[in-house]
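Structure record follows, encoded as structure tokens.
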Protein chains: 2
Amino acid sequence: MKLTRQRKLVYDTLLEKLDHPTAEDLFFRARKKQPEISMATVYNCLEALVKCGLVKQVKVGKNAVRYCANLCEHAHFVCEVCGAIFDLDRDNREKFKNMQIKIPRGFKIHNFEIAIHGTCSDCNILRI
Amino acid sequence: MKLTRQRKLVYDTLLEKLDHPTAEDLFFRARKKQPEISMATVYNCLEALVKCGLVKQVKVGKNAVRYCANLCEHAHFVCEVCGAIFDLDRDNREKFKNMQIKIPRGFKIHNFEIAIHGTCSDCNILRI
DNA sequence: TTTGTATTTAGAATAATTCTAATTTGACAG
DNA sequence: CTGTCAAATTAGAATTATTCTAAATACAAA
């Protein structure tokens, strides 16, 4: 991935404030530094950054997708009241099947979602 | 939740074919049995079913939300090639911090997401 | 230079979902 | 029963996040 001026701007803006902003949030923040940037560019840049693994999407509730630049593996805790998203670090040396996530004191879990992305056996065979 | 005719229809339709359909898929399937049902009703019914815990939303890719009536706790494996969603059962007697998910033979994991929904400590305090 | 390819841009288009307002339903009280 | 009321349903309009389009720009390589 070519780190263009706009991609760097979007990425830096994301790193500046780790509050899981939406594309629109990032657009407004980035525009303060480069007023000519367009919404489409923010989406394009985010797409490129997600594709190369520097950024992750967080899909929550019925609102816009949020973006996360926290690179160490972590789970997201979504507060159902205030909507805040908390990064929960985990010991990433542990194996996937034995994951350890520390839930902060006072947090109550209602439910959780796990989505594993990859390729299924049928598709792996077809691709050899 | 009042299990009205339409809610029962949507729920039964979801149970009939466990392929994680979108709201639109369900609309077309449900319409075969009750041609007067409307798209808005399908959304309303799904919302009610999700709220009462009978149904779960699965958010994947950039497409429409998918719905899942598999009630036993499980993770989703999303094939990045064909888009299929597989339910991965887990031993739900295991504690959250020690979850065991069996990945089927031949499946390759690229990445996975965990989202935990609940209430954060601040909001829990404000609600006492 | 010239050429080509990728990126950016503004605005239009799309698609999923939500909203609106009118109608229907069904439970319950009288 | 019959009337009342709240909740649910409905069709279609509205919204909103996101993607698409086509032109302009940038920038690397020949």
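All heavy atoms count here, side chains included; hydrogens, waters and symmetry mates do not. Order of the sequence lines fixes the chain letters, A, B, ..., with proteins taken first and strands second; residue numbering starts at 1 for each chain.
With sequence neighbours excluded, the residues forming a side chain to side chain donor-acceptor pair (under 3.5 Å) with Asp12(B) are Lys8(B), listed by chain and number. In this structure, Thr4(A) has no side chain to side chain donor-acceptor pair (under 3.5 Å) partners at least two apart in sequence or on a different chain.
Annotation: of the two residues near DNA chain D, Met1(B) and Asn63(A), the 5′-most nearest-nucleotide partner is Met1(B).
In the 5' to 3' direction, nucleotides of DNA chain D lying under 4.0 Å from heavy atoms of chain B begin and end at dA8(D) to dT19(D).
Between Phe27(B) and Ser38(B) the shortest heavy-atom distance is CE1-C, 3.6 Å.
Distances shown here put every side-chain N or O of Gln6(B) at or beyond 4.0 Å from the OP1 or OP2 atom of dT25(C).
Rounding to the nearest 0.5 angstrom, the gap separating the CG atom in Asn44(B) from the CZ atom in Arg7(B) is 8.0 Å. Taking CG of Leu54(B) as the reference point, atom CG of Leu14(B) lies at 10.0 Å (rounded to 0.5 Å). To the nearest 0.5 Å, atoms CG (Leu26(A)) and SG (Cys45(A)) are separated by 10.5 Å. Rounding to the nearest 0.5 Å places NZ of Lys56(A) at 15.0 Å from CG of Leu46(A). Atom CD of residue Gln57(B) and atom OH of residue Tyr67(B) lie 4.5 Å apart, to the nearest 0.5 angstrom. How far OG1 of Thr22(A) is from CZ of Phe28(A): 8.5 Å, rounded to the nearest 0.5 Å.
Of the listed residues (Arg31(A), Arg29(A), Gln34(A)), just one forms a side-chain contact (heavy atoms from CB on, under 4.5 Å) with Leu9(A), and that residue is Gln34(A).
Lys8(B) has its NZ atom 18 Å from the C1' atom of dT25(C), to the nearest Å. Following rounding to the nearest Å, Lys2(A) (NZ) and dA6(C) (C1') show an atom-to-atom distance of 5 Å. Look at CG on Leu3(B): it is 14 Å from C1' on dG26(C), rounded to the nearest Å.
The stretch residues 38-55 of chain B touches DNA chain C through Ala40(B), Tyr43(B), each having a heavy atom within less than 4.0 Å of the strand. Of the residues in residues 12-37 of chain A, those lying under 4.0 Å from DNA chain C by heavy-atom distance are Gln34(A), Glu36(A), Ile37(A).
Arg5(B) comes within 4.0 angstrom of no nucleic acid atom, judged by non-hydrogen atoms across all strands.
Counting only residues at least two apart or on different chains, the salt bridge (charged side-chain N to carboxylate O under 4.0 Å, His left out) pairs with a member in residues 33-43 of chain A are Glu16(A)-Lys33(A).
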